[in-house]
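Heads up, the thing below is written out as structure tokens.
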Amino acid sequence: MGLPPPTPLLLGLFFLLGVLRPLWGDLVFIPSFIRTSGPVASAALVGGAEDVSAVSLSLSLLQDQAGLLPVPACGVLRNDTGNWSLTVTPNVNALDVTVRLTRGLQSCSSNKTGPFSESPCIVQTLLVSASNSSSCLAHLLIQVEIYANSSLAHNASENRTVIPNQVYQPLGPCPCNLTAGACDVRCCCDQECSSNAIELFRESCFTGVFGGDVNPLFDQLCSAQRAHGGPGWFPFLCVQSSLANSPFLGHFYHGSVSSGPRAAFEGYLHTDPRDSSDFGYKQGDPLMTAEKAYFTLPQVSLAGQCVQNAPVGFLQNFDVRCITDLEVSQEQGGITNTKIKNGAIGGIVTPKIIYEEATDLDRLITSTETLLQSGSAPRNVNVEEHYVFRWNNNTISEIHVKIIRAEINAHQKGTMTQRFTVKFVSYNSGDEKETSGNPGYQLGRPVRALDSNRVNPVSALHLWQPAGRGLCTSTAFRPASFGEDALSGCLLEVALHENCSRLREKAVDMLDSLIQATHVAARGNSDYNNVSDGWLEIIRADTPDTGADPPEGSANGTCLGVPARLSIRILFSDAGAVEGITQQVILGAETRVSSVNWQFQCGLTCERRTDLFPLSASVQFIRVPAQRPRPLTRGALFSVCCQGLAAGVLLHISCVPQ
């Protein structure tokens, strides 16, 4: 049986002594043997009864010849430490020993592409000895094997891993690269795959984030739909962002707000209008001018704001009012030279315009402030513009325009209420009253009414359209629209010593001016000249008494029973259908006036000579079921009753019909 080689045997003896000597109370290195592949090795000298501060340490480089290590010598200074240094740091009852390579490892750099070389670059044996005087107390044996291209064969600066900023790029650019030093099949972003290997599975590469597409375009990005198109609403709701900001990176965003492609829609709407009028208009098509531009008028948008240049649609009537600042309002005369295409190839219609002067500007212009400057000429503003288009099939035959204008100072300030109406009538219609439906009412059309006590029976139910200060004496009227509940009001000026009978008469006159009618039409096309053609008499309830002054001795500024609120209630129901369209008719109408007690409001003093008394009028449409509702069964009735019980009662009662 052969004996073990000398070097392993010596290492085994050092290890055995390192384990046993602390038990004997001697000094010992922990650990007593180190095998390292890096440039630094550390150990501690502990144990023993001697003062460790009096112990001297030395480092020597052992030359291994034919597998034999020389006998350690203590107390002898040696200069053969090579490129290694010894550092001793005192500690509590111990000494920390550090052995460090003093030269760099540039000589260990290798041109090989593999991660490890077959043979080590540095192979050395170091011996650290602890002695007192000339006697050896402990030994530390260090076996060094450093390989080229080892991850530890770099200094501190070369050992640092550079992590990319995840705000702009992901930490793992190729998630499918799972094996180090080898090509992963179907992972086309793996840098360790050769071009020949990628050709084998190029058609089956992993897709998405796992396949390396770690920063794809998300669906809401505006640039994601420009190449292959998208829905028409997409440009309005898409996100303007750079490619560096992505939800796949955690919604990082430090950019600025972008205005978006606004000019594209303005260009489509204004600079390149779609003209299909040469082949006839269809309902809703915008009217075109001879210059191939849209014919526009101010209109109210869905948000309730006035749009100054909104296209006028064919066969679409409207009646709008817009508030205009006099400082920015310009004199409008564009319709004078405007020619409208009639809907046939080469056909042109010239509007026929008449002008009228406006009266009572106080109810149209508010917050007026006139700057009197010498030499300033007055200017004209359009208060109302009324357009009547006569149509025949899909063409326009005539256009009649009535413009009501006013002359104001060139530097006048304030706001003005403008009115714009558009009405389409058939070419063969006369001057008869326009219908509100055929035969049933259409939603939003005026409620037809007549006054049988007048020669011209045509009338309407009105509501107030306040303007200016909202005074009843300067307010305008608007017709009550079918199916639309509405509330309006105005203010009546009352003096401190107002006569109560006169006040009641003024209030009644104001309220009666809204209902100058005796009948309402049951249908939208009832004949005004035939009262028996579906006309229903208006029921007037609670006619106010204009007399009944307060008793003598009552204080001034107090009136009892002053009419103040007019309520108009209209019953309607469904009455069959024509070509699938439900026809609605009026079943009855009732007016009711309610009164209040008025008292002059003085405040701290009664220096004010007039007070404002509010009047109000409302219209309410009440649907009447066409057939009686189905009666409830006993079980359903019991279920309804149970729903009204308290929670505590339900704990003791079982709601099951018996």
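Everything numeric in this text was worked out from a predicted model, so none of it was measured. One-based numbering along the sequence shown. What you see below is based on every heavy atom in this structure, not just the backbone, and it leaves out hydrogens, waters and symmetry mates.
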By side chain to side chain donor-acceptor pair (under 3.5 Å), which residues pair with Asp533, not counting sequence neighbours?
Arg523
How about Thr518 and Ser452: does a side-chain donor come under 3.5 Å of a side-chain acceptor?
yes
Quick one, Thr473 with Met510, criterion side chain to side chain contact (heavy atoms under 4.5 Å, CB included). Give me CA distance, side-chain angles, the key distance, then yes/no.
CA-CA 9 Å; Thr473 54; Met510 289 295 175; 4.3 Å; yes
Which residues pass the ring pair (Phe, Tyr, Trp, His ring centres under 6.0 Å) test with Phe572, sequence neighbours left out?
Phe482
With sequence neighbours excluded, tell me which residues meet ring pair (Phe, Tyr, Trp, His ring centres under 6.0 Å) with Trp535.
Tyr528
Output all residues satisfying side chain to side chain donor-acceptor pair (under 3.5 Å) with His519, sequence neighbours left out; order by chain, then residue number.
none
Residues at least two apart in sequence or cross-chain that pass side-chain contact (heavy atoms from CB on, under 4.5 Å) with Ser618, listed by chain then number, are Leu487, Ser567
Restricting to salt bridge (charged side-chain N to carboxylate O under 4.0 Å, His left out), what partner residues turn up for Glu590, sequence neighbours left out?
Arg569, Arg592
Given the options Ile353, Val401, Val312, Tyr387 meets side-chain contact (heavy atoms from CB on, under 4.5 Å) only with Val401
Using the test salt bridge (charged side-chain N to carboxylate O under 4.0 Å, His left out), find all partners of Asp319 that sit at least two apart in sequence or belong to another chain.
Arg419
Is any side-chain heavy atom of Val422 closer than 4.5 Å to one of Gln316?
no
Output all residues satisfying side chain to side chain donor-acceptor pair (under 3.5 Å) with Arg623, sequence neighbours left out; order by chain, then residue number.
Asp574
How long is the span from the CG atom in Leu571 to the CZ atom in Phe621, to the nearest 0.5 Å?
10.5 Å
Got a sec, which residues hit salt bridge (charged side-chain N to carboxylate O under 4.0 Å, His left out) with Arg445, two or more places apart in sequence or on another chain?
Glu434
Rounded to the nearest 0.5 angstrom, the SG-CG distance for Cys490 and Leu514 is 7.5 Å
From His386 NE2 over to Ile404 CD1, what is the distance, rounded to the nearest 0.5 angstrom?
4.5 Å
State which residues pass salt bridge (charged side-chain N to carboxylate O under 4.0 Å, His left out) with Asp509; sequence neighbours excluded, sorted by chain then number.
none
Is there any salt bridge (charged side-chain N to carboxylate O under 4.0 Å, His left out) pair reaching into residues 285-303, and which pairs are they, with sequence neighbours excluded?
none
Distance in Å, Ser459 OG paired with Arg448 CZ, rounded so as to fall on 0.5 Å steps:
12.0 Å
All side chain to side chain donor-acceptor pair (under 3.5 Å) counterparts of Thr582, not counting sequence neighbours:
none
Please state whether the rings of Tyr281 and Phe314 are parallel, tilted or perpendicular, taking 30° and 60° as the class boundaries.
parallel
